[in-house]
Enquirer: 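Input: one structure, supplied below.
Numbers here simply count residues along the sequence, with the first being 1.
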Amino acid sequence: MTLEGARERWVRTGGIELCVAELGDPEQPTVVLVHGYPDSKEVWSEVAVRLADRFHVVLYDVRGHGRSTAPRPLRGGYTLAKLTDDFLAVVDEVSPDRPVHLVGHDWGSVQAWEFVTVGRTEGRIASFTSISGPSLDHFGHWINARVKRPTPRRVGQLLGQGAKSWYVYLLHTPVLPELAWRGPLGKRWPKILERVERVPGGDYPTGSLPTDAAHGAWLYRDNVRARLRRPRPDAYAHAPVQLITPQGDAFLSERLYDDLDRWVPQLTRRTLPAKHWIPRTRPDQVASWIGEFVMSVDGGRPARQPAGRHADRFGGQLVLVTGAGSGIGRATAFAFAEAGARVIAVDRDAESAARTAELSRLVGAPEAWAEPADVADEQVMEKLAEKVHREYGVLDVLVNNAGIGLSGSFFATTTDDWRKVLDVNLWGVIHGCRLFGARMAERDQGGHIVNIASAAAYQPSRALPAYSTSKAAVLMLSECLRAELAGQGIGVTAVCPGFVNTNITSTARFTGVDEAEQRRRRQRSARLYGLRNYPPEKVAAAVLDAVAHNKAVVPVTPEARGAHLLSRFAPGLLRRVARVEPRL
């Protein structure tokens, strides 16, 4: 298998030939992607194509993997010193005059730590992005510190990582790993990845997997025990490092990197809720972080570290917010931006959406885009979804916030009035859930949908029959969808604000009155909401908390919480309150 559109070359070094693939413009910064075990370079294919429009992307099969030839004999042919020789041979060919930006996953990261900490590569590496693979030297010092200075916490960390490393012991046994990989394990591995890691099926892994895995056992045998027993005391990185840590990694504990600042003078940390194989399961996010880091290093500026609340949870995630041009939608976009998310601001008003995206970039979003769309228009939403999935990727969080207000008695509300409020408040949510939620489910890597309902969803009112009905429907839709998607790790939350000071009062419609009375009532409503002055930023904070803790229903504001409590334990009281005619 070859990467579509890639240019191929062969690099000879140390008696072997390495298969090297290149994409993108060679005049752009060079990014070298190094694969792990038991993979070949194709593990990077989804990330590589996303980087190729901005960078010169280079991938190569590690010796004995993919289409690269294997050393003879295998024993002693996979030492870190020889792997470093291979790396230097490749970069001398593909980027002889400029240092490269190095990225490694799994054992690609393990060997890349060697590249970035030995003297002979100094000046050849501009930056290093490490994913799911520690330095063996740092690991050795980490173990020694816990053995020589044990505490209950440190002993627990040591035992925990020891349990996660069970496969390392097996790979040191003679013959058995080779027999397993060339036999039943090699045949079943694609299905194991698909079932356990949710790695999409298709053209990965490649047909060379059984041979790659059998050869790659020597990566462990040639290096692990020797280096852990005698870790180098001077294993300091000579280039800026970005550490990406999947929080659900079954093989590596996050605690392994607690002392990393000691070894890396310029360290940027990223975490994401995912498992080990993120080059396949989270290519959009990985490519985004790599691109941002490379550009920051080349630009001579430090990589931006998200500082907002929940930065560890939402950094780099792709978030789309509808109705983002103002009010709760804009505040929610800003809150995700401050947490380091990539934000797509959607609003019917193109200028307002663009302004939200612009401000989101200023407050912390590494990337923010504006997309004009009317959520009530099914065809427009289908085109939006197609563009988002093609250009930005599959969403991690969807916030269906767009909504309109409508006040007036039932008999004063016309069928056109009903149609307008339901088209936006209910059908807009349905379109979002159907079009974006379906791709989340198809990706099978989890996600979250937030539907902004209202306290009016469970608090009856004689003045808001259409609005309350639309929001009650959103609440029940959210509950039903939450039940349906729970098995796929997708959370669904209904956020129910009370009186929040936004411009919905200036756009709300009042049925059964003329334009002069419409204006008067809007002004009085705006004044009352202004006196209440509950800021939309508090609703935005509740949205992030709800996603972080996977809450089902979140009332926001004291009156919303009180009404929610009464709806459960004293609904009759709410019904009596609903009979009172409101006075504006």
Side-chain angles (χ1 to χ4, degrees), residues 1-14 16-71 78 82-112 115 124-129 131 133 190 199-200 202-209 211-213 215-216 219 277-280 282-284 286-287 290-291 294:
M1 171 185 168
T2 58
L3 292 162
E4 186 176 350
R7 306 177 297 277
E8 192 173 273
R9 72 168 82 191
W10 294 85
V11 175
R12 186 169 182 81
T13 172
I16 63 168
E17 286 190 321
L18 301 175
C19 180
V20 180
E22 298 175 68
L23 296 91
D25 183 359
E27 297 302 314
Q28 297 301 316
T30 298
V31 178
V32 178
L33 306 173
V34 187
H35 68 80
Y37 177 86
D39 294 317
S40 60
K41 64 180 180 297
E42 281 74 21
V43 73
W44 288 113
S45 61
E46 294 293 329
V47 174
V49 296
R50 287 164 170 80
L51 293 172
D53 61 340
R54 292 177 288 166
F55 305 107
H56 174 214
V57 182
V58 176
L59 316 85
Y60 68 94
D61 287 319
V62 172
R63 54 173 53 203
H65 293 68
R67 299 172 65 205
S68 294
T69 59
Y78 287 86
K82 291 181 178 179
L83 296 170
T84 305
D85 292 339
D86 295 349
F87 167 72
L88 286 172
V90 170
V91 298
D92 285 345
E93 282 282 334
V94 300
S95 184
D97 303 321
R98 292 182 299 174
V100 302
H101 297 272
L102 176 62
V103 183
H105 173 253
D106 188 81
W107 250 93
S109 177
V110 173
Q111 59 182 291
F115 307 160
R124 299 298 289 121
I125 300 172
S127 74
F128 169 42
T129 294
I131 306 172
V199 171
D203 55 6
Y204 166 84
T206 64
S208 63
L209 168 69
T211 302
D212 298 343
H215 288 162
L219 290 166
W277 261 274
I278 60 174
R280 300 304 301 184
R282 286 288 196 274
D284 297 305
V286 171
I290 293 170
V294 169

Enquirer: How far does CG of Asp106 sit from CD1 of Ile278, to the nearest 0.5 angstrom?
Expert: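 Rounded to the nearest 0.5 Å, the CG-CD1 separation comes out at 11.0 Å.
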Enquirer: Among residues at least two apart in sequence or on other chains, which ones pass side chain to side chain donor-acceptor pair (under 3.5 Å) with Thr129?
Expert: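 Applying side chain to side chain donor-acceptor pair (under 3.5 Å) to Thr129 gives Gln242.
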Enquirer: Between Phe128 and Gly104, which heavy-atom pair has the shortest distance, and what is it?
Expert: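 Taking Phe128 first and Gly104 second, the nearest heavy atoms are CE1-N, 3.9 Å.
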Enquirer: For Ala70, check side-chain contact (heavy atoms from CB on, under 4.5 Å) against everything at least two apart and list the hits.
Expert: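 Arg72, Leu74, Tyr78, His215.
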Enquirer: Is there a side-chain contact between Val90 and Leu18 (heavy atoms, below 4.5 Å)?
Expert: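 Val90 reaches Leu18 side chain to side chain.
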Enquirer: Nearest 0.5 Å, please: how far is CG in Leu51 from NE2 in His101?
Expert: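 His101 NE2 to Leu51 CG: 11.5 Å, rounded to 0.5 Å.
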Enquirer: What pair of heavy atoms forms the shortest contact from Leu23 to Ala48, and how long is it?
Expert: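 In this case the closest contact between Leu23 and Ala48 is CD1-CB, 4.5 Å.
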Enquirer: Atom OH in Tyr60, atom OG in Ser68: separation rounded to 0.5 Å?
Expert: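 It is 9.0 Å, given to the nearest 0.5 Å.
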Enquirer: Given side chains that start at C-beta, do those of Val58 and Leu33 come closer than 4.5 Å, heavy atoms only?
Expert: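 Val58 vs Leu33: side chains apart.
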Enquirer: Begin from the C-alpha positions of Val31 and Ile290 and carry the test side chain to side chain contact (heavy atoms under 4.5 Å, CB included) through to its verdict.
Expert: CA-CA 9 Å; Val31 178; Ile290 293 170; 4.3 Å; yes
Enquirer: So, using ring pair (Phe, Tyr, Trp, His ring centres under 6.0 Å) as the criterion, who are the partners of Phe87 when residues are at least two apart?
Expert: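 If we apply the ring pair (Phe, Tyr, Trp, His ring centres under 6.0 Å) test to Phe87, skipping adjacent residues, the hits are Phe115.
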Enquirer: Taking only residues two or more places apart in sequence or in another chain, which ones pass side chain to side chain donor-acceptor pair (under 3.5 Å) with His65?
Expert: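 Not a single residue meets the side chain to side chain donor-acceptor pair (under 3.5 Å) criterion with His65.
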Enquirer: Can you run down the salt bridge (Lys or Arg N to Asp or Glu O under 4.0 Å) pairs that involve residues 47-58, sequence neighbours left out, and say none if there aren't any?
Expert: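 For residues 47-58, and leaving out neighbouring residues, the salt bridge (Lys or Arg N to Asp or Glu O under 4.0 Å) pairs sorted by first residue read Glu46-Arg50, Arg50-Asp284.
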Enquirer: Quick one: list whatever passes side chain to side chain donor-acceptor pair (under 3.5 Å) with Thr84, sequence neighbours left out.
Expert: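 Thr84 satisfies side chain to side chain donor-acceptor pair (under 3.5 Å) with no other residue.
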Enquirer: If you compare all heavy atoms of Gly66 against all heavy atoms of Asp212, which two are closest, and at what distance to 0.1 Å?
Expert: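 Residues Gly66 and Asp212, closest heavy atoms: N-OD1, 2.8 Å.
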Enquirer: Quick test of your reading of the model: are Glu8 and Arg67 salt-bridged, counting only N-O distances below 4.0 Å?
Expert: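 Counted as a salt bridge, because a side-chain N and a carboxylate O are separated by less than 4.0 Å.
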Enquirer: Run the side chain to side chain contact (heavy atoms under 4.5 Å, CB included) test on Val62 and His35 for me, step by step, so that the C-alpha distance in whole Å, both residues' side-chain angles and the decisive distance to 0.1 Å come before the verdict.
Expert: CA-CA 7 Å; Val62 172; His35 68 80; 3.4 Å; yes
Enquirer: Do Pro283 and Val47 have side chains that get closer than 4.5 Å, going by heavy atoms?
Expert: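 Yes; the side chains approach each other to less than 4.5 Å.
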Enquirer: When rounded to the nearest 0.5 angstrom, what distance separates CD in Glu17 from OG1 in Thr69?
Expert: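 Those atoms lie 6.0 Å apart.
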Enquirer: Any heavy-atom pair between the side chains of Pro26 and Arg7 that's under 4.5 Å?
Expert: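 The answer is yes, as the side chains (C-beta and beyond) meet within the 4.5 Å cut-off.
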Enquirer: Scan residues 22-35 for pairs that pass salt bridge (Lys or Arg N to Asp or Glu O under 4.0 Å), counting only residues two or more places apart or in two chains.
Expert: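 The answer is Arg9-Glu22.
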Enquirer: List in chain and number order the residues that pass salt bridge (charged side-chain N to carboxylate O under 4.0 Å, His left out) with Asp61, two or more places apart in sequence or in another chain; answer none if no residue qualifies.
Expert: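 Asp61 satisfies salt bridge (charged side-chain N to carboxylate O under 4.0 Å, His left out) with Lys41 only.
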Enquirer: Are Val103 and Val34 side-chain neighbours, meaning at least one heavy-atom pair lies under 4.5 Å?
Expert: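 They are not in side-chain contact.
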Enquirer: Taking side chain to side chain donor-acceptor pair (under 3.5 Å) as the definition, give me every residue that meets it alongside Asp39, ordered by chain and number, with sequence neighbours left out.
Expert: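 Applying side chain to side chain donor-acceptor pair (under 3.5 Å) to Asp39 gives Tyr204, Trp277.
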Enquirer: Test Arg98 against Thr30 for side chain to side chain contact (heavy atoms under 4.5 Å, CB included), laying out the working first.
Expert: CA-CA 8 Å; Arg98 292 182 299 174; Thr30 298; 4.3 Å; yes
Enquirer: Hydrogens and angles aside, do Arg124 and Ser95 bring a side-chain donor and acceptor to less than 3.5 Å of each other?
Expert: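 Result is no, nothing qualifies.
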Enquirer: Looking at residues at least two apart in the chain, or sitting in another chain, which of them share a ring pair (Phe, Tyr, Trp, His ring centres under 6.0 Å) with Trp44?
Expert: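 Listed in chain order: nothing, the list is empty.
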Enquirer: Determine whether Val94 and His56 make a side-chain contact, defined as any pair of heavy atoms from C-beta on separated by less than 4.5 Å.
Expert: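 Val94 reaches His56 side chain to side chain.
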Enquirer: Roughly how far, to the nearest 0.5 Å, is the CD1 atom of Ile16 from the NZ atom of Lys82?
Expert: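 One gets 9.5 Å once the value is rounded to the nearest 0.5 Å.
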Enquirer: Using 0.5 Å steps for rounding, measure from the CG atom of Leu102 to the CD1 atom of Ile125.
Expert: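 It comes to 5.0 Å.
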Enquirer: Leu83 versus Leu219: any side-chain heavy-atom pair under 4.5 Å?
Expert: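 A side-chain contact exists here, since the closest heavy-atom pair is under 4.5 Å.
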